[in-house]
Amino acid sequence: MKETPVRIGFAPTRRDCFTHPEAGEMREKILRKISGLGVEIVDVAGINDEGFLMGNDDVEKARRIFRESEIDGLFLPHCNFGSEGIVARLAAALQKPVLLWGPRDGMPLPGEDRTRDTQCGLFATGKALRRRNLPFTYLVNTDVDDPVFENGFRSFAAVCAVVKAFRNLRILQVDVRPDPFWTVMYNEGELLERFGIQVCPITLQDLKDRMEEMTGQQELLRAEADKLRASVSCGDVGEEGLEKLAELKTALRSLCKSNGCGAVAIHCWGPLQKAVGAAACTVNGLLTEEGIPVACETDVHGAISSVLIQAASREASSTFFADLTIRHPQNDNAELLWHCGNFPPSLTRPGTKCAIKCIRPGFGTFPSQTGCEIRGGDITVCRFDGDHGDYRLFIGEGKGVDGPATTGTYCWFEVNDWPMWEEKLVTGPYIHHCSGVHARVAHILYEACKYLGIRPDPADPCEEGLRARWREGWRDVCGGERDAR
């Protein structure tokens, strides 16, 4: 998977009563630093002779540059005290995530005025942004080369990726929810009115028609079948079954493209199998692996969860869509993350092989379900959900651990305090579905919520621990020290 592209506007600010050339030197040092951190930088160098946001005339010039460049976030480094009112006006005009930071001030010069007073200006700008009701992300006043700044800037880029993905989201809904699943009910109108999220519903007949259209693209279908053989052990799924899976995958991908959708919520039960002659499990995992997250059982909120966590990780690893099922028989703080067979094959535990098989429901034999244990290590899970107009994002981190083998795709997931997690999940607006990724991105999801109008609901790290991660790197105040990544 390719890293999510992020474009950040660079609008350094200074106040003209500080005349020391150190501000200009700091501007160039900051620009060199962030230019190597994996994002595209849009500079406002041309707005005046110095390239600083200082006066009223600079706001419109900078706004025009950033609008034309379609930035995803705005970085406002204070190279001396800064111009808080000008900064707030630009942030208000753009309505993008804002990163506020300034390099730490040096020692006062003997017998001379101080050169920058950057920290003092940051206090002023924070208040100016609040006056405008503008959310912003703050990094503490550190040296440019301090790891806290580099980690914070990278994390802010991931926050921008989450906000971008959420605000531009269209979800392909394939058929209605399974009747027993009251859990996946959602309010389509409210998602559009409050968050701008659009759902594009299609029927099983629409999917079947698109699959029939795909049958004429034999070269494409053969390539998809070859990819499937290369990634999994195909077992008792014959050539006809592989071709049917290739048709289903290419049809869903084609429908996403033609409808402008970045994720899928699919009715993956018996009616789909009967209509198209294949089960969706393996295909769901393969599409997720390609960056089109698929949620089972027509779980639209689950698809949103997957999009959020995929963007938070900058697509460094495939996400997976899981049921929270049973507790570990010997580990009271571990839970089984499981689903019938929809985890991406690339996540398979090293030294093992992902295998697919035919499933045999009452009305026939259809390919296919995938079976494998996925790798352990650091894992973040999340769940976007809501009821009665109250939308929240459950967030938590843990690690994959050893446990008993089972069917389908699965991982045993150990957390700090499972009874606390369980209570939160049962009593909050959540269900048994969650989305996971092999990364520690809870602090990114937590920070993104302030820009999305969602209430964050962290389990571990706790809320104070997530804030501490932004200001102090990776120190975890909720549960001791954790290694930096």
**Student:** Compare every heavy atom of Ser254 with every heavy atom of Arg210, then report the nearest pair and how far apart it is.
**Tutor:** NH1-OG, 2.7 Å

**Student:** For residues Cys234 and Leu228, report the shortest heavy-atom separation together with the two atoms involved.
**Tutor:** SG-O, 4.5 Å

**Student:** May I ask you to decide whether Asp72 forms a salt bridge with Lys96, counting only side-chain N to carboxylate O separations under 4.0 Å?
**Tutor:** no

**Student:** Carefully, step by step, assess Asn284 and Val264 under the rule side-chain contact (heavy atoms from CB on, under 4.5 Å).
**Tutor:** CA-CA 9 Å; Asn284 292 352; Val264 181; over 6 Å; no

**Student:** Does the side chain of Thr282 come under 3.5 Å of the side chain of Thr370 through a donor N or O and an acceptor N or O?
**Tutor:** yes

**Student:** Answer with yes or no whether the side chains of Ser155 and His443 bring together a donor and an acceptor at under 3.5 Å.
**Tutor:** yes

**Student:** If I take atom CD from residue Gln205 and atom CG from residue Asp175, how far apart are they, to the nearest 0.5 angstrom?
**Tutor:** 11.0 Å

**Student:** Could you check whether Trp101 and Phe149 have their ring centres less than 6.0 Å apart?
**Tutor:** yes

**Student:** With a cut-off of 6.0 Å (strictly less than), are more than 12 heavy atoms of other residues, nucleotides or ligands near CD of Glu190?
**Tutor:** yes

**Student:** Kindly give the heavy-atom pair with the smallest separation between Lys164 and Pro5, and that separation in Å.
**Tutor:** NZ-O, 3.4 Å

**Student:** Would a 4.5 Å heavy-atom cut-off, applied to side chains only, mark Asn342 and Cys296 as touching?
**Tutor:** yes

**Student:** Might you work through the side-chain contact (heavy atoms from CB on, under 4.5 Å) test for Arg327 and Glu422, ending with a clear yes or no?
**Tutor:** CA-CA 10 Å; Arg327 288 174 81 175; Glu422 182 179 299; 4.2 Å; yes

**Student:** Between Asp457 and Arg455, does any NZ, NE, NH1 or NH2 come within less than 4.0 Å of an OD or OE carboxylate oxygen?
**Tutor:** no

**Student:** Kindly give the heavy-atom pair with the smallest separation between Leu37 and Phe153, and that separation in Å.
**Tutor:** CD1-CD2, 3.6 Å

**Student:** Can a donor-acceptor pair be found, under 3.5 Å and without considering hydrogens, that links the side chain of Gln218 to the backbone of Thr215?
**Tutor:** yes

**Student:** When you check the side-chain N and O atoms of Glu335 and Trp412, is any donor under 3.5 Å from an acceptor?
**Tutor:** no

**Student:** Should the pair Lys33-Glu150 be classified as a salt bridge under the 4.0 Å nitrogen-to-oxygen rule?
**Tutor:** yes

**Student:** Answer with yes or no whether the side chains of Arg440 and Thr380 bring together a donor and an acceptor at under 3.5 Å.
**Tutor:** no

**Student:** Between OH of Tyr138 and CZ of Phe156, what distance do you get to the nearest 0.5 Å?
**Tutor:** 14.5 Å

**Student:** Under 6.0 Å from the CD atom of Glu212, do we count more than 12 heavy atoms belonging to anything else shown?
**Tutor:** yes

**Student:** Provide the closest heavy-atom pair for Met211 versus Leu248 in the form atom of the first, atom of the second, distance.
**Tutor:** CE-N, 3.7 Å

**Student:** Counting distance only, does the side-chain N/O of Thr250 pair as donor-acceptor with the main-chain N or O of Glu247 below 3.5 Å?
**Tutor:** yes

**Student:** Looking just at side-chain N and O atoms, do Trp421 and Asp460 make a donor-acceptor pair shorter than 3.5 Å?
**Tutor:** no

**Student:** Are the side chain of Asp299 and the backbone of Ala295 linked by a donor-acceptor contact shorter than 3.5 Å?
**Tutor:** no

**Student:** Decide, yes or no, whether a salt bridge links Glu239 with Lys244 under the criterion of side-chain N to carboxylate O below 4.0 Å.
**Tutor:** no

**Student:** Strictly below 4.0 Å, N to O, side chains only: are Arg469 and Glu397 in salt-bridge contact?
**Tutor:** yes

**Student:** Under a 4.0 Å N-O cut-off, is there an ion pair linking Lys450 with Glu447?
**Tutor:** yes

**Student:** Check the side chains of Ser346 and Arg375 for a donor-acceptor pair under 3.5 angstrom, ignoring hydrogens and angles.
**Tutor:** no

**Student:** Hydrogens and angles aside, do His433 and Asp323 bring a side-chain donor and acceptor to less than 3.5 Å of each other?
**Tutor:** yes

**Student:** Between Ser435 and Ser305, is any side-chain donor less than 3.5 angstrom from a side-chain acceptor?
**Tutor:** no

**Student:** Quick check on Lys399: does its NZ atom have over 12 non-hydrogen neighbours (other residues, nucleotides or ligands) under 6.0 Å away?
**Tutor:** no

**Student:** If the threshold is 4.0 Å, N to carboxylate O, is there a salt bridge linking Glu243 and Arg222?
**Tutor:** no

**Student:** Compute whether any side-chain donor of one residue and acceptor of the other, for Gln95 and Tyr451, lie under 3.5 angstrom apart.
**Tutor:** no

**Student:** Which heavy atom in Phe75 sits nearest to a heavy atom in Pro77, and how many Å separate them?
**Tutor:** O-CD, 3.2 Å

**Student:** Just wondering, are more than 12 heavy atoms of other shown residues or ligands nearer than 6.0 Å to NZ in Lys353?
**Tutor:** yes

